[in-house]
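A short write-up of the structure that comes next.
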Amino acid sequence: MVHPAQGQMVQELAAGDLGSPPSRYVLREKDRPATAGGMQTQRELAAIPTIDMGRLAEPGDVDDEAAKLRTALQSWGLFAVTGHGMPEPFLDEILAATREFFHLPPEEKERYSNVVDVDGGEKFQPEGYGIDRIDTDEQTLDWCDRLYLQVQPEEERRLEFWPDHPPALRPLLEEYTLRSEQVFRRVLAAMARTLGFKEEFFADKVGERVATYARFTYYPPCPRPELVYGLKPHTDNSVLTVLLLDKNVGGLQLLKDGRWLDIPVLTDELLVVAGDEIEIMSNGVFMAPVHRVVTSDKERMSVVMFYQPEPKKDLAPLEELVGEERPALYKKLKAKAFGDGFWDAFAAGERTIDFLKVKVEQQRPEAAAAVSTSA
């Protein structure tokens, strides 16, 4: 059940004379970004792989680039991409329009609120401007505001939540939606080829009318960054996620081998992250990485595109990736049921795969090297 009080916008809180974040945002000591198991930790930069999409564009792609892609997904679960075809000035315009939206007066942004009136009461729904869902008074809140919009299929857009200001935002989003989907489709085809399958292998299972959502996130300056999360640890509700990150301020971190690593600031690269749905479909060959956002004394923003299967599609390990040596590691469910469960899981601070008990009991992914890659 959604908690009736959805809380104040973090940007408004941060604009006040705060010495410390309000208690609703302060993490338990063991969960704070600056500590791990009670020990102070130093920040460490992740040496993430970079994939040139230009070398993956054709079915006969360069073998070493395809091998890099598979290694990136199996070792990191994410990678930076170059050669995506979007010029840096275009990406700069998107980030500038995002910043301009979040700097609008509060009453202008509230026109697109994600808290709507239903039968005389307030109800949270994912699309629109606001904060993420609050379920309980005990829930620790994230230090961010967001604008969340469905962008594809086009006829399912709820344009009442699409801002009119700044005027450039809507056409930029429409163009970015088309260009970003090309990145998604090309990477998905290359992933299939790295396993020895035809490039339509995964695309056929997610469908032509993928559900695509854009999340514009604003992380205000925080007076005590070591006490809060910008965004709590999670894996993504997606097949793949395409991220356009702030060019000046870092904050995204990846959990790898028990350590939190900083994702470097990118310039004209995009970041591609494997989501829960590809982990299930690939039967654990590709794993969705746990990641989070930490804050700083500077504002930061990002634009993230989540690509999900058509809601009516079955979500299950693909039969070509299941066998005696590697039995099915996940149960079958509808893509819509998984997507709906994400919001409950995220509010509870859990992975959707765990929250919905999708894993087959007492089974764990084996070494990726044991997977048969024959088509």
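For clarity, every value in this text was computed on a predicted model and none was experimentally measured.
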Test: ring pair (Phe, Tyr, Trp, His ring centres under 6.0 Å). Region: residues 152-186. Which pairs qualify, not counting sequence neighbours? Phe184-Tyr307
Cation-pi between Lys205 and Phe201: NZ/CZ under 6.0 Å from ring centre and within 45° of the ring axis? yes
I'd like to check the side chain to side chain donor-acceptor pair (under 3.5 Å) partners of Glu200; sequence neighbours left out, ordered by chain and number. none
I'd like to know whether CD of Glu319 has more than 12 heavy-atom contacts from other residues, nucleotides or ligands below 6.0 angstrom. no
Listed partners of Asp164 passing salt bridge (charged side-chain N to carboxylate O under 4.0 Å, His left out), at least two apart: Arg111, Arg170
With sequence neighbours excluded, what pairs up with Leu178 under the side chain to side chain contact (heavy atoms under 4.5 Å, CB included) test? Gln152
Extract all donor-acceptor atom pairs below 3.5 Å that involve side chains of residues 221-228 and protein atoms in other chains or at least two apart in sequence.
from	atom 1	to	atom 2	distance (Å)
Arg224	NE	Glu226	OE2	2.4
Arg224	NH2	Glu226	OE2	2.9

Residue pairs, two or more places apart or on separate chains, that pass salt bridge (charged side-chain N to carboxylate O under 4.0 Å, His left out) and touch residues 294-306: Arg99-Glu299
For Thr241, check side chain to side chain donor-acceptor pair (under 3.5 Å) against everything at least two apart and list the hits. Asp236, Ser238
Can you establish whether the number of heavy atoms outside Glu160 located under 6.0 Å from its atom CD is more than 12? yes
Report the hydrophobic cluster partners of Val265, with the cluster defined as I, L, V, M, F, W, Y residues connected by side-chain heavy atoms closer than 4.5 angstrom, directly or transitively. none
Answer yes when Lys68 and Asp52 have at least one side-chain N-carboxylate O distance shorter than 4.0 Å, and no when they do not. no
Partners passing salt bridge (charged side-chain N to carboxylate O under 4.0 Å, His left out) against Glu155 (at least two apart in sequence or in another chain): Arg209
Checking Asp132 against Arg215 for the salt bridge (charged side-chain N to carboxylate O under 4.0 Å, His left out) test, could you report, in this order, the C-alpha distance in whole Å, the side-chain angles of both residues, the deciding distance, and whether it holds? CA-CA 11 Å; Asp132 287 311; Arg215 177 178 170 126; 2.9 Å; yes
Do the side chain of Glu269 and the main chain of Thr267 share a donor and acceptor less than 3.5 angstrom apart? yes
Checking one residue: Ile48. Which other hydrophobic residues are in its cluster under the side-chain 4.5 Å linking rule? Trp76, Leu78, Tyr148, Tyr213, Tyr219, Leu231, Leu243, Leu245, Leu252, Leu254, Leu261, Ile263, Leu266, Leu271, Val273, Val293, Val304, Phe306, Phe342, Trp343, Phe346
Residues, nucleotides or ligands: over 12 heavy atoms within 6.0 Å of Lys332 NZ: no
Glu279/Arg351 ion pair, N-O < 4.0 Å: yes
Less than 4.5 Å apart, side chain to side chain, heavy atoms only: is that true for Glu174 and Arg157? yes
Restricting to side chain to side chain donor-acceptor pair (under 3.5 Å), what partner residues turn up for Arg185, sequence neighbours left out? Glu181
Taking only residues two or more places apart in sequence or in another chain, which ones pass side chain to side chain donor-acceptor pair (under 3.5 Å) with Gln182? none
